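Everything on this sheet refers to the single structure shown next.
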Amino acid sequence: MMQLPVTSPVAPPASSEAARSVTFTAAGLRRGAHLSLPFCVSSIVYGVAFGLLATGVGVSKLAAVLMSATVFSGSAQVAVLQAWSEHPALLTVFITVLVANVRYVLMGAALRAWLAPLGPLKTTLILLPLVDGSFALAFRERERGDHDAGVLLGSSLVSFTGWVVGTAIGTTASQWIADPRAIGLDFIIVAFCAASAAMMLRARADLWPALAAALAVIGCERWAPGPWTIVVAALAAAIVGAVRYRPPPLLNADASPLEPPP
Amino acid sequence: MMLDPYTIEVILVMTAAAAICRLAGFQFMRFIPITPRLEAALKAIPLAVMIGIIGPPVLRGGLPEIVGLAATVVAVRLRGNDLIALVAGMGVVAVLRQMA
């Protein structure tokens, strides 16, 4: 990228460009991988749980591992497999995966300013294995001044490896367990999602979208149980989230309509 | 070990949908402005997906599933560690199923 010499001391035109500096190195990859080793453990455990679930609903080991390696999305894969016995239509599968992964659209949009100078090939390579943990970690490191996009990819690849290896372990282990239900193995996925939901709720001020989702699930189960439950729940929460959105109050207190009259 | 055509189709569709989500924000969001209201709608979705996954097995289950869910949530609140919560929830479900 061409850097024009900064001439104006008042408003340097390159200041926003400087903030956009990005590198992509093998050292960054190693750094990201090293920082993400704790994620690897939870990826493996979640992968094992998914592998057990997959075998439980009759998906072959090869199919489960292939799915983990190409889709790499725990919630989307679990959502599809929970409906597996009903042979969901391909359109339902497609929409379910889109809904379960819509957060990546926001992350991708947030990454644009940082990664754009790398060009389409490298950014595609970096974005395809993107995952919540690596996004958070890479942004944290960037705040600390590490602009190496290798950190993001390295972190993603560690989670990816854990997920695929975990899936393989889970599908293999299931053949040694006579009655997975008796030891609560079918409950792992529910517990995993409940733990994630509890952690998300802690940071969340607005409970109404979550309540709308819960009511949508109860309604679906009662009147129209099927593989679309997750999509209906997500839509209900999105609508309530949008309706309840209020712009943040203006910093200028004089302009606030909530100001009590003198 | 063979893959039946339906499974292959499902995996292909899932792969495409996941890739679209990961690439779309970066590629297309310069054309579609993410307004704060749209962002609020999109941010409400991940938790709803979790609720959509938790709901059916618990509603179709019985006492073990309900108490197991409560144990998981309490454990994650107290310990802040999802692996401990996972073991707690599974353990409660397993014990209650043995007693039933």
Side-chain angles (χ1 to χ4, degrees), chain A residues 45 60-63 66-67 70-71 73 75-76 78-80 90 93-94 97-109 111-112 123-124 127-128 130 182-184 187-188 190-200 209-210 213-214 217 221 229-230 233-234 237-238 241-242 245 247, chain B residues 1-3 6-7 9-11 13-27 29-30 34 36-60 65 68-69 72-73 76-77 82-83 85-86 89-94 97-98:
Chain A
V45 174
S60 71
K61 178 176 180 168
L62 178 61
L66 194 63
M67 190 186 282
T70 57
V71 182
S73 171
S75 54
V78 168
V80 169
L90 291 180
V93 169
F94 186 71
V97 177
L98 283 185
V99 164
N101 284 337
V102 73
R103 64 186 187 282
Y104 290 128
V105 176
L106 283 178
M107 292 184 206
L111 286 168
R112 180 158 187 94
T123 47
T124 304
L127 289 170
L128 278 179
L130 181 67
I183 54 171
F187 196 74
I188 291 189
V190 175
F192 220 105
C193 291
S196 307
M199 285 184 172
M200 285 183 200
V217 172
E221 277 298 297
T229 302
I230 287 162
Y245 171 76
Chain B
M1 198 156 36
M2 287 295 294
L3 290 169
Y6 175 73
T7 305
E9 282 168 15
V10 168
I11 292 176
V13 163
M14 292 176 75
T15 303
I20 287 169
C21 285
R22 286 189 168 104
L23 299 177
F26 187 89
Q27 295 299 339
M29 277 305 147
R30 60 189 132 156
I34 297 189
R37 193 176 289 276
L38 176 60
E39 192 175 342
L42 294 178
K43 277 187 173 166
I45 290 178
L47 182 58
V49 168
M50 294 298 164
I51 292 169
I53 291 174
I54 299 162
V58 172
L59 292 173
R60 289 174 201 180
E65 285 77 11
L69 178 66
T72 310
V73 173
V76 80
R77 285 281 164 133
D82 53 355
L83 289 183
L86 203 73
M90 257 179 69
V92 166
V93 169
R97 279 181 185 164
Q98 299 292 329

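Here is the naming used below: chain letters follow the sequence lines, and residue numbers restart at 1 for every chain. This structure is a prediction, so every number in the text was calculated from the model and none was measured.
Here the CD-OG1 distance, from A/Glu221 to A/Thr229, works out to 5.5 Å after rounding to the nearest 0.5 Å. Note that the CD1 atom of B/Ile45 and the CE atom of B/Met50 stand 13.0 Å from one another [nearest 0.5 Å].
Both the backbone and the side chain of B/Leu69 come within less than 4.5 Å of a heavy atom of chain A. With a threshold of 4.5 angstrom between heavy atoms, B/Gln98 approaches chain A through side-chain atoms but not through N, CA, C or O. Contacts between A/Thr124 and chain B at a heavy-atom distance below 4.5 Å involve backbone atoms as well as side-chain atoms. For B/Val58, the part lying under 4.5 angstrom from a heavy atom of chain A is the side chain only. The contact between B/Ile51 and chain A is made by backbone and side chain atoms together, counting heavy-atom distances below 4.5 Å. Within the 4.5 angstrom heavy-atom criterion, only side-chain atoms of A/Val45, from C-beta onward, approach chain B. Contact of A/Val102 with chain B is made through backbone and side chain together, with heavy-atom distances under 4.5 Å. Residue B/Ile53 touches chain A through both its backbone and its side chain, counting heavy-atom pairs closer than 4.5 Å.
For the pair A/Ala100 and B/Val49, the tightest heavy-atom approach, listed with the atom from each and the gap, is CA-CG2, 3.9 Å. Scanning all heavy atoms of the two residues, the minimum distance from A/Pro209 to B/Ala44 falls at CB-CB, 3.8 Å. In terms of heavy-atom proximity, B/Glu65 sits nearest to B/Val93 at CA-CG2, 4.5 Å. When all heavy atoms of A/Val71 and B/Ile11 are compared, the pair lying nearest together is CG2-O, 4.4 Å. Here the closest non-hydrogen pair linking A/Leu111 and B/Phe26 is O-CE1, 4.0 Å. Considering every non-hydrogen atom in both A/Val80 and B/Met14, the closest pair reads CG2-CE, 3.8 Å.
For chain A, the option among B/Thr7, B/Val10, B/Val73 with the highest count of heavy-atom pairs below 4.5 Å is B/Val10. Across B/Pro56, B/Gly55, B/Ala18, B/Cys21, the residue that shares the most heavy-atom pairs under 4.5 angstrom with chain A is B/Cys21. The candidate with the highest count of non-hydrogen atom pairs below 4.5 Å against chain A, out of B/Ala19, B/Gly68, B/Gly91, B/Ala85, is B/Gly68. In terms of non-hydrogen atom pairs under 4.5 Å with chain B, the most contact-rich of A/Ala109, A/Ala213, A/Pro247 is A/Ala109. Comparing A/Cys193, A/Ala234, A/Ala214, A/Ala237 by heavy-atom pairs within less than 4.5 Å of chain B, the highest count is held by A/Cys193. Contacts with chain B were tallied for A/Gly241, A/Ser73, A/Ala79, A/Ala76; A/Gly241 has the most, counting heavy-atom pairs under 4.5 Å. Annotation: maximal heavy-atom pairing with chain B below 4.5 Å, among A/Tyr104, A/Phe94, A/Phe187, occurs at A/Phe187. Note on A/Leu98, A/Val105, A/Thr123: by heavy-atom pairs under 4.5 Å with chain B, the leading option is A/Val105. For the set B/Pro57, B/Pro36, B/Ala16, B/Ala24, the count of heavy-atom pairs under 4.5 angstrom toward chain A peaks at B/Pro36.
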When you look at B/Thr72 and B/Leu86, which way does the side chain to side chain contact (heavy atoms under 4.5 Å, CB included) test go after all the steps? CA-CA 6 Å; B/Thr72 310; B/Leu86 203 73; over 6 Å; no

Test A/Leu130 against A/Met107 for side chain to side chain contact (heavy atoms under 4.5 Å, CB included), laying out the working first. CA-CA 9 Å; A/Leu130 181 67; A/Met107 292 184 206; 4.0 Å; yes

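The backbone N or O of A/Ala182 sits nowhere less than 3.5 Å from a side-chain atom of B/Arg97 that would complete a donor-acceptor pair.
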